[in-house]
Chemist: 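Let me begin by handing over the structure; questions about it come next.
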There are 2 protein chains.
Amino acid sequence: MWGASVSNRQLLILEAAARLIARRGVRGLRVEELAAEAGVSVGLVYYHFGDRAGLMQQTWEFINERAERYTTSERDPLDDPRGYLEEMLLFELQDDPEVMENSTAWGEFRATAVFTPDLGRQLREATAQWVDDAAYLILAAQKTGDAGREVDALGAAERLTTLIEGLSERWLSGSVSLARARDLLRGAIVRELGPLPVSAAQKID
Amino acid sequence: MWGASVSNRQLLILEAAARLIARRGVRGLRVEELAAEAGVSVGLVYYHFGDRAGLMQQTWEFINERAERYTTSERDPLDDPRGYLEEMLLFELQDDPEVMENSTAWGEFRATAVFTPDLGRQLREATAQWVDDAAYLILAAQKTGDAGREVDALGAAERLTTLIEGLSERWLSGSVSLARARDLLRGAIVRELGPLPVSAAQKID
DNA sequence: AAAAACAAACTGAAGTTTCAGTCACGTTAG
DNA sequence: CTAACGTGACTGAAACTTCAGTTTGTTTTT
C-alpha cells in the first residue's frame with residue numbers, strides 16, 4: 001500500500017521500535033538499543049527519521065496502520081453488527097504478541113500524552129474514531145434488534161472503549177488475568193446493550 | 001501514625017515530588033528540580049531516600065496514604081451504601097488540584113508498573129483493596145435494596161473501578177471533558193446496579 | 001552553667017553515567 | 001560517476017550520584 005514511501009530497512013526499524021516500546025515503554029526506548037534490536041546502525045535511524053521525535057511519530061502511525069489492518073475482520077459489519085462489535089472489542093484483549101505490543105504502545109502513548117500536548121491531538125483523533133466506529137455498530141445493532149432501542153449508543157460506545165483501555169492496562173500490569181478481563185468486558189457489553197435475543201435477527205417490539 | 005518515621009523535611013520533599021510527578025510525570029521528574037521545588041539541597045534528597053528508585057517508592061506510598069486519608073468521607077457507609085459508593089467513585093473525577101495531582105500520579109505509576117515489576121506488586125495490592133471496598137459497598141447496597149439482587153457485586157466493582165481509571169486518563173489527556181466523564185460514570189453505575197428506587201430505603205420484593 | 005564532644009541533618013560542587021544527536025568515511029545500485 | 005544507503009566511533013549536554021565539609025541540636029564533662 002505505502003510500500004513506496006517506506007523502505008525495507010525503515011520497516012525493520014519501525015517493527016523493532018514497536019517491539020521495544022512494548023518491552024521498555026515509549027520513555028524507556030533508547031535509540032542505541034533500538035538500532036541493535038533492528039540490526040542496523042544508530043546513524044541509520046537518524047538518517048531515516050531525523051530525530052527521536054520523528055521516530056516516535058512514525059512509529060505511532062505505523063502501529064495504528066498495522067492495527068487497522070488486522071483489526072478489520074472480513075465479515076460484513078451490517079450483517080451482524082453486535083457480533084462484529086464484540087469481536088472488535090474483545091480483539092484488544094488477546095494473548096498475541098502483536099496485539100500485546102499494540103496495546104502496550106497505546107497505553108504508553110496515552111500516558112505520555114498527558115504531558116505532551118502534541119501527541120494529545122493525534123491521540124484524541126484516533127480515540128474519537130474508535131468511539132465513532134463503536135457507536136455506529138451499536139446503532140446498527142439497534143436496527144437489527146440485537147440492542148435495546150433505549151440504549152444511548154454514543155454513551156455506551158464511550159464507556160465500552162474506555163473500559164477496554166482500563167482493562168488493558170490492568171491486564172498488562174498484571175492486576176487481572178486475561179480471562180477475567182475478557183469476562184468483565186463481555187459482562188459490560190451485556191449491561192450496555194441488553195441481553196442478546198435468542199433469535200438473533202428477531203425484532204424487539 | 002508514622003509521624004515518627006518521616007521528618008518534616010522528608011514530608012516536604014514527598015509533597016514536592018507528588019506535585020512534580022503530576023506536572024512532569026514519573027519519568028520527567030528531575031532530582032535537581034525536585035530539590036528546588038522542595039526548597040532543599042540535592043544532597044538531602046539522597047541523604048533521606050538513598051537513590052531515585054527509593055524516592056519513587058516512598059512517593060508512591062505517600063500518595064496512597066494521602067489518598068486514603070482524604071477519600072474517606074465522614075458519613076457512615078452502611079447508612080447509604082449506594083450514595084457512599086457514588087461519592088467515592090465520583091471523587092476521582094474532580095477539578096481539584098490535589099485530586100488531579102493524585103489521579104495523574106496514579107496514572108503514571110500504573111503506566112510505569114507495566115515495565116517495572118517491583119511497583120507492580122504494590123499497585124496490585126492497592127487496586128485490589130479499592131475493588132474490595134467497592135464490592136463491599138455494592139453488597140451493602142443490595143441489602144438496603146438500593147442495588148438489584150441479581151447484581152454481581154465483584155464484577156460490578158471491578159468494572160466500575162477500571163472504568164474510572166480509563167476515564168481519568170482520558171480526562172487528563174484531554175480526550176473527554178470532566179463533565180462528560182462524570183456523566184459517563186453515573187451512567188455506568190445505573191447500568192451496573194440498576195436504577196435507584198424512588199424511595200431509597202424501600203425494599204425490592 | 002559553660003565548654004567540649006558527638007550525632008544527625010544538611011549543603012553544593014565535583015565526579016560519573018547516560019543518551020540523543022553528529023560526522024567522517026565506506027558501500028551499493030542505477 | 002553519483003546519489004542514496006549505511007556504519008560506528010565520537011561529542012556534549014543533561015541527569016544521577018557521591019562526598020568533603022558545614023550547620024544545628026543534643027548530650028556529657030568539668
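Below, read A as the first sequence line, B as the second, and so on, with proteins coming before strands; counting in each chain starts at 1.
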Chemist: According to a strict under-4.0 Å criterion, is A:His48 in side-chain N/O contact with OP1 or OP2 of D:dG6?
Modeler: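 It does, given that an N or O in the side chain of A:His48 lies less than 4.0 Å from OP1 or OP2 of D:dG6.
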Chemist: Side chain of A:Arg186, backbone of A:Ala181: donor and acceptor closer than 3.5 Å?
Modeler: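 It does not hold such a pair.
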Chemist: Any donor-acceptor pair under 3.5 Å linking the side chain of B:Glu165 with the backbone of A:Gly166?
Modeler: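 Not a single qualifying donor-acceptor pair exists.
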Chemist: Atom CG of B:Leu34 and atom P of C:dC10: how far apart are they, to the nearest Å?
Modeler: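 So the CG-P distance, B:Leu34 to C:dC10, works out to 14 Å.
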Chemist: Check every strand shown and say whether B:Leu29 touches a base, only sugar-phosphate, or nothing at a heavy-atom separation below 4.0 Å.
Modeler: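 It contacts sugar-phosphate atoms only.
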Chemist: Using a 4.0 Å heavy-atom cut-off across all strands, classify A:Val31 as base, sugar-phosphate, or nothing.
Modeler: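 Answer is sugar-phosphate: A:Val31 comes under 4.0 Å of backbone atoms only.
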Chemist: Would you mind telling me which residue lines up with the more 5' stretch of DNA chain C, A:Gly43 or A:Arg30, judged by nearest nucleotide?
Modeler: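 Going by which nucleotide is closer to the 5' end, it is A:Arg30.
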Chemist: May I ask you to verify if any side-chain N or O of B:Arg9 is less than 4.0 angstrom from the OP1 or OP2 atom of C:dT11?
Modeler: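 Looking at the OP1 and OP2 atoms of C:dT11, one of them is under 4.0 Å from a side-chain N or O of B:Arg9.
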Chemist: Send over the distance from A:Asp51 CG to D:dG12 P, rounded to a whole Å.
Modeler: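 Going from A:Asp51 (CG) to D:dG12 (P), I get 20 Å.
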Chemist: From the list D:dT18, D:dC5, C:dC10, which nucleotide is the closest neighbour of the side chain of B:Tyr47?
Modeler: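 Closest nucleotide to the B:Tyr47 side chain: C:dC10.
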Chemist: Atom CG of A:Leu44 and atom C1' of C:dT28: how far apart are they, to the nearest Å?
Modeler: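 These atoms are roughly 14 Å apart.
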Chemist: Starting at atom OH of B:Tyr46, determine the distance to atom P of C:dT11, rounded to an integer number of angstrom.
Modeler: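 Checked: the OH to P distance equals 15 Å.
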Chemist: Using a strict threshold of under 4.0 Å (side-chain N to carboxylate O), is an ion pair present between A:Glu86 and A:Arg82?
Modeler: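 Yes.
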Chemist: With nearest nucleotide decided by heavy atoms, which residue, A:Ser41 or A:Glu32, maps closer to the 5′ end of DNA chain D?
Modeler: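 Taking each residue's closest nucleotide, the earlier one in sequence belongs to A:Ser41.
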Chemist: Expressed in angstrom and rounded to an integer, what is the separation of B:Phe49 atom CZ from C:dA9 atom C1'?
Modeler: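 Rounding to the nearest Å, CZ of B:Phe49 and C1' of C:dA9 are 13 Å apart.
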Chemist: Grab the CZ-P distance between A:Arg24 and C:dT18 for me, whole Å please.
Modeler: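 Between P of C:dT18 and CZ of A:Arg24: 14 Å.
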Chemist: Strictly below 4.0 Å, N to O, side chains only: are A:Arg121 and A:Glu125 in salt-bridge contact?
Modeler: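 Judged by the 4.0 Å cut-off on N to carboxylate O distance, A:Arg121 and A:Glu125 do form a salt bridge.
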Chemist: A:Arg23 versus A:Glu101: any side-chain heavy-atom pair under 4.5 Å?
Modeler: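 The answer is no, as the side chains (C-beta and beyond) never meet within the 4.5 Å cut-off.
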Chemist: Between D:dT7 atom C1' and A:Ile13 atom CD1, what is the distance in whole Å?
Modeler: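 These atoms are roughly 12 Å apart.
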Chemist: Once you round it to whole Å, what is the distance between P of D:dC5 and CG of A:Leu11?
Modeler: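 In whole Å, D:dC5 P lies 15 Å from A:Leu11 CG.
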